[in-house]
Amino acid sequence: MTPPPLTILIIDDEPDFTVLLRPRLERAGYQVQAAYDGPEGLTAVRACAPALIVLDISMPSMSGFVVCQQLKAAPETAAIPVILLTAKAQEHERQTGLACGAAAYFTKPFDTPALLAAIQRLLTGTHSED
């Protein structure tokens, strides 16, 4: 019996980005859920119990940094790997993201094979920063 696919939650305020990323993740064998701002994302994490979260930084009402900090501070979500995938390309932003608890940091536009490789590493327990 084949186990059900792992769920990846995308939290990004740009629906077009989700439309772009969803099929790439689904072709790789993942189930995909989406949320479009920080508060909705925090609710979705508890509802769908994702194996991994792909999170944007620049969102209305709550930045991805704050979302990541809240996820890492809560015992029930602290172990979920978070990949920040954002247009923010400056080194201090990357450092802030990793300090918030993100397992990896990618900038848009992103390299799909590199993102999928990072997801695979994180889901199999081989953590590394990208």
Side-chain angles (χ1 to χ4, degrees):
M1 186 171 180
T2 305
L6 295 174
T7 299
I8 295 177
L9 174 63
I10 302 168
I11 306 173
D12 194 301
D13 64 319
E14 294 292 331
D16 289 344
F17 178 73
T18 301
V19 168
L20 172 76
L21 184 56
R22 179 187 296 269
R24 296 175 188 192
L25 294 173
E26 289 174 341
R27 278 193 301 273
Y30 301 107
Q31 181 179 357
V32 179
Q33 297 291 323
Y36 299 100
D37 65 26
E40 181 184 347
L42 291 171
T43 299
V45 168
R46 286 159 182 77
C48 75
L52 184 138
I53 299 166
V54 176
L55 175 62
D56 187 23
I57 291 173
S58 298
M59 296 184 291
S61 74
M62 183 183 291
S63 80
F65 293 140
V66 173
V67 173
C68 190
Q69 287 173 328
Q70 288 190 16
L71 290 168
K72 295 305 172 180
E76 65 274 11
T77 57
I80 301 171
V82 175
I83 295 177
L84 293 175
L85 182 53
T86 179
K88 303 280 186 183
Q90 295 195 8
E91 182 60 22
H92 76 275
E93 292 159 332
R94 180 180 180 280
Q95 292 301 323
T96 300
L98 296 175
C100 289
Y105 192 100
F106 285 84
T107 56
K108 298 174 186 175
F110 63 97
D111 178 77
T112 299
L115 177 63
L116 291 174
I119 290 170
Q120 182 64 30
R121 280 193 309 272
L122 291 166
L123 292 176
T124 58
T126 310
H127 295 266
S128 73
E129 295 174 6
D130 291 285

Participant: In sequence, state the C-alpha distance, the side-chain angles, and the governing distance for S58 and K88, and then conclude on side-chain contact (heavy atoms from CB on, under 4.5 Å).
Facilitator: CA-CA 8 Å; S58 298; K88 303 280 186 183; 2.9 Å; yes

Participant: Any idea which heavy atoms bring A51 and L123 closest together, and the distance?
Facilitator: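 Scanning both residues completely, I find the closest heavy atoms to be O-CD2, 3.5 Å.
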
Participant: Rounded to the nearest 0.5 Å, what separation is found between the CD atom of Q31 and the CG atom of L9?
Facilitator: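 Taking CD in Q31 and CG in L9, the distance rounds to 11.0 Å.
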
Participant: Short question: side chain of T7, backbone of P50 - any donor-acceptor pair under 3.5 Å?
Facilitator: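 No, T7 side chain to P50 backbone: no donor-acceptor pair under 3.5 Å.
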
Participant: Do the side chains of Y105 and I57 get nearer than 4.5 Å, heavy atoms only?
Facilitator: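 Yes. Closest side-chain heavy atoms under 4.5 Å.
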
Participant: Return yes if some donor-acceptor pair links the side-chain N/O of Q70 with the main-chain N/O of V67 below 3.5 Å, else return no.
Facilitator: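 Such a contact is absent between Q70 side chain and V67 backbone.
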
Participant: In a check of side chain to side chain contact (heavy atoms under 4.5 Å, CB included) between Q95 and each of E93, H92, E91, which one passes?
Facilitator: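 Exactly one pass, corresponding to E91.
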
Participant: Run the side-chain hydrogen bond (donor to acceptor under 3.5 Å, both in side chains) test against E14 and tell me which residues pass, sequence neighbours left out.
Facilitator: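 Expected list: none.
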
Participant: Is the backbone of Q90 close enough, under 3.5 Å, to the side chain of R94 for a donor and an acceptor to pair up by distance?
Facilitator: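 Not at all, since once roles are kept as given, no pair shorter than 3.5 Å links the two residues.
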
Participant: Does I80 offer a backbone N or O that forms a donor-acceptor pair with the side chain of K72 under 3.5 Å?
Facilitator: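 Yes: the side chain of K72 pairs with the backbone of I80.
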
Participant: Which residue pairs pass the ring pair (Phe, Tyr, Trp, His ring centres under 6.0 Å) test when at least one of the two sits in residues 14-33, sequence neighbours left out?
Facilitator: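 For residues 14-33, and leaving out neighbouring residues, the ring pair (Phe, Tyr, Trp, His ring centres under 6.0 Å) pairs sorted by first residue read F17-F110.
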
Participant: Does the pair I83 and L55 meet the rule for a side-chain contact (heavy atoms from CB on, under 4.5 Å), with working shown?
Facilitator: CA-CA 6 Å; I83 295 177; L55 175 62; over 6 Å; no

Participant: Check for a donor-acceptor pair, side chain of S63 on one end and backbone N or O of M59 on the other, with a separation under 3.5 Å.
Facilitator: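 No, because the side chain of S63 does not come within donor-acceptor range (under 3.5 Å) of the backbone of M59.
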
Participant: Please give me the minimum heavy-atom distance between G101 and C68, naming the atom from each residue.
Facilitator: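 Scanning both residues, the minimum pair turns out to be C-SG, 3.9 Å.
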
Participant: CG of L20 to CD1 of I10: how many Å apart, nearest 0.5 Å?
Facilitator: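 Spacing of CG (L20) from CD1 (I10) equals 9.0 Å.
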
Participant: Measure the OH-CG distance between Y36 and D13 for me, rounded to the nearest 0.5 Å.
Facilitator: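 Spacing of OH (Y36) from CG (D13) equals 11.0 Å.
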
Participant: With side-chain contact (heavy atoms from CB on, under 4.5 Å) as the test, would you mind laying out the steps for I8 and I53 before giving the verdict?
Facilitator: CA-CA 6 Å; I8 295 177; I53 299 166; over 6 Å; no

Participant: For the pair K108 and D12, find out whether any cationic side-chain nitrogen is under 4.0 Å from an anionic carboxylate oxygen.
Facilitator: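 Result for this pair is yes, salt bridge flagged.
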
Participant: So if I apply the side chain to side chain contact (heavy atoms under 4.5 Å, CB included) rule between F106 and each of L85, D111, T86, V54, which one comes out positive?
Facilitator: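 When side chain to side chain contact (heavy atoms under 4.5 Å, CB included) is applied between F106 and each of L85, D111, T86, V54, only L85 qualifies.
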
Participant: Shortest non-hydrogen contact from G29 to P5?
Facilitator: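 Smallest heavy-atom distance, with atoms named: O-CB, 3.2 Å.
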
Participant: Main chain of V32, side chain of R22: is a donor-acceptor contact present, judged purely on distance under 3.5 Å?
Facilitator: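 Yes: the side chain of R22 pairs with the backbone of V32.
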
Participant: Are any non-hydrogen side-chain atoms of L25 and L116 less than 4.5 angstrom apart?
Facilitator: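 Contact flag for L25/L116 side chains = yes.
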
Participant: With rounding to the nearest 0.5 Å, note down the distance linking CD in E40 to OG in S61.
Facilitator: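 Nearest 0.5 Å value for the CD-OG distance: 9.5 Å.
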
Participant: Atom CG in L6, atom CG in L52: separation rounded to 0.5 Å?
Facilitator: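 Interatomic distance, L6 CG to L52 CG, rounded to 0.5 Å: 9.0 Å.
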
Participant: Can you tell me how far CD1 of I119 sits from OG1 of T124, rounded to the nearest 0.5 angstrom?
Facilitator: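 The OG1 atom of T124 sits 11.5 Å away from the CD1 atom of I119.
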
